[in-house]
Each structure stands twice: as structure tokens, then as C-alpha cells.
Amino acid sequence: MKEKVSEFAEKVYSNLKKVPKGKVTTYRELAKSINSKSYQAIGQVLRRNPFAPIVPCHRVVKSNGQIGGFMGETNGAAVAKKINLLKSEGIFVKDNCVVDFENKLFKF
DNA sequence: AGAGCACTGATCC
DNA sequence: GGATCAGTGCTCT
């Protein structure tokens, strides 16, 4: 796979890295901040994530506070790990939903 | 060129 | 409240 990414992906990663620890963001806010309406494209790019350890893709959740997916799995061990990671950052997740999501939500 | 996707909003029941 | 349809832009095959 290529480590090169398009401008779109670059913006996504750039904005995502701006999210402070202990906070989460949504695909919607992220897409809007990069002037794009394609939320799926965000997921697509993050899924292929060429900067896996560099970009905190686990800090991105759905607009309703649900986890969404992780490493290509909408629900599974990968998601469980994502939840565990968030928990380490002070973000608790219950039933695939972020606890006190609105408070943890980071807005650009 | 075509299909798929880690989504969302609107619509329908 | 849940299920389904449509729209959307980008990546992969």
C-alpha cells in the first residue's frame, strides 16, 4: 500500500491529530472541518489508515456517540481494543456508546 | 470504470 | 423508537 495520501486524507489526519487527549470527535465535525460532506470518505480513509499509530483514529466516533468501527470491524476485538484505549484516556464507553459523549466531544 | 465504505439525514412505519 | 432510502466523496480492484 502507498504511504502517500491525497490532500483530503492529509486534512483528515491533520485535524484528527489536533484532537486533545481525553476528547473525541465525530465524523460529521471532522468532515465539516475539512470542508467535505462525505462522512463515508472519512471512514474509508481512516480505515485504510496509512498512519495507524500516528493518527488517533480511535478518537473518532459517530454523531450519536457510538463507537462506529475500528480496523475494519464494526464490532469485534478491534472495537473492544478501541474502547479500552479510550478508557485509558479517561473516556468511558458503554455498549459501544461513549459515556458523557457531549462532554467529551471536541469541536473545531 | 465500477463497487464498496469505520456515515448521516430524511423519510416511513 | 427502529428500519429503510438516498446522498455523498474517496479508495481499492
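Protein chains get the first letters and strands the later ones, always in sequence-line order, with residue 1 at the start of each. Keep in mind the model is a prediction, meaning the values are calculated, not measured.
- Using a 4.0 Å cut-off between charged nitrogen and carboxylate oxygen, A:E89 and A:K23 do not count as a salt-bridge pair.
- Closest to the A:K62 side chain, of the nucleotides B:dA6, C:dT8, B:dT8, is B:dT8.
- Atoms CG and OG, from A:N15 and A:S33 in turn, are 4.0 Å apart once rounded to the nearest 0.5 Å.
- Taking only side-chain atoms of A:C57, from C-beta outward, the nucleotide of B:dG4, C:dG9, B:dA6 with the closest atom is B:dA6.
- The closest donor-acceptor contact from the side chain of A:R59 to the backbone of A:V19 lies under 3.5 Å.
- Considering CD1 of A:I54 and NZ of A:K17, their distance stands at 6.5 Å, rounded to 0.5 Å.
- Pairs passing the ring pair (Phe, Tyr, Trp, His ring centres under 6.0 Å) check and including a residue from residues 6-33 of chain A, sequence neighbours excluded, read A:Y13-A:F51.
- A straight line from CZ of A:R48 to C1' of B:dC7 spans 16 Å, rounded to a whole angstrom.
- A:I83 is listed as a side-chain neighbour of A:N96, based on a closest heavy-atom distance under 4.5 Å.
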Side-chain atoms of residues 97-108 of chain A: list all donor-acceptor pairs with protein atoms under 3.5 Å, sequence neighbours left out, distances to 0.1 Å.
residue, atom, partner, partner atom, Å
A:D100, OD2, A:N103, ND2, 3.2

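- Spacing between atom CG of A:L16 and atom C1' of B:dA6 amounts to 12 Å, rounded to whole angstrom units.
- Here the P atom of nucleotide B:dA6 and the CG atom of A:N64 are 16 Å apart, to the nearest Å.
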Could you tabulate the donor-acceptor pairs under 3.5 Å formed by side-chain atoms of residues 61-75 of chain A, not counting sequence neighbours?
residue, atom, partner, partner atom, Å
A:N64, OD1, A:Q66, N, 3.2
A:N64, ND2, A:Q66, OE1, 3.4

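- Checking A:N84 against A:K81 by side-chain atom types alone, no donor-acceptor pair falls below 3.5 Å.
- Put simply, CD on A:E7 and OG on A:S14 are 11.5 Å apart, with the number rounded to the nearest 0.5 Å.
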Check nucleotides 9-11 of chain B against the protein and report each pair of N or O atoms closer than 3.5 Å, with its distance, or say if there are none.
residue, atom, partner, partner atom, Å
B:dG9, OP1, A:R28, NE, 2.7

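- OP1 or OP2 of B:dC7 has not a single side-chain nitrogen or oxygen of A:S38 nearer than 4.0 Å.
- Nucleotide C:dG9 holds its C1' atom 10 Å from the CD atom of A:Q44, rounded to whole Å.
- Within residues 85-108 of chain A, no residue approaches DNA chain B, by heavy-atom distance under 4.0 Å.
- Between A:V60 and A:L16 there is a side-chain heavy-atom pair separated by less than 4.5 Å.
- Within 4.0 Å of A:F8, counting heavy atoms only, lie sugar-phosphate atoms of the nucleic acid but no base atom.
- DNA chain C forms stems at B:1-5 with C:9-13, B:7-13 with C:1-7, each a run of 3 or more consecutive Watson-Crick or G-U wobble pairs whose two key distances fall under 3.5 Å.
- A distance of 4.5 Å separates CG in A:L30 from CD1 in A:I42, rounded to the nearest 0.5 Å.
- In this entry the distance linking CD of A:Q40 with C1' of B:dA6 reads 9 Å, nearest Å.
- To the nearest angstrom, P of C:dC10 lies 18 Å from CZ of A:R47.
- Separating the CG atom of A:L30 from the C1' atom of B:dC5 is a distance of 16 Å, rounded to the nearest angstrom.
- When the P atom of B:dT8 is taken as reference, atom OH of A:Y27 falls 8 Å away, rounded to whole Å.
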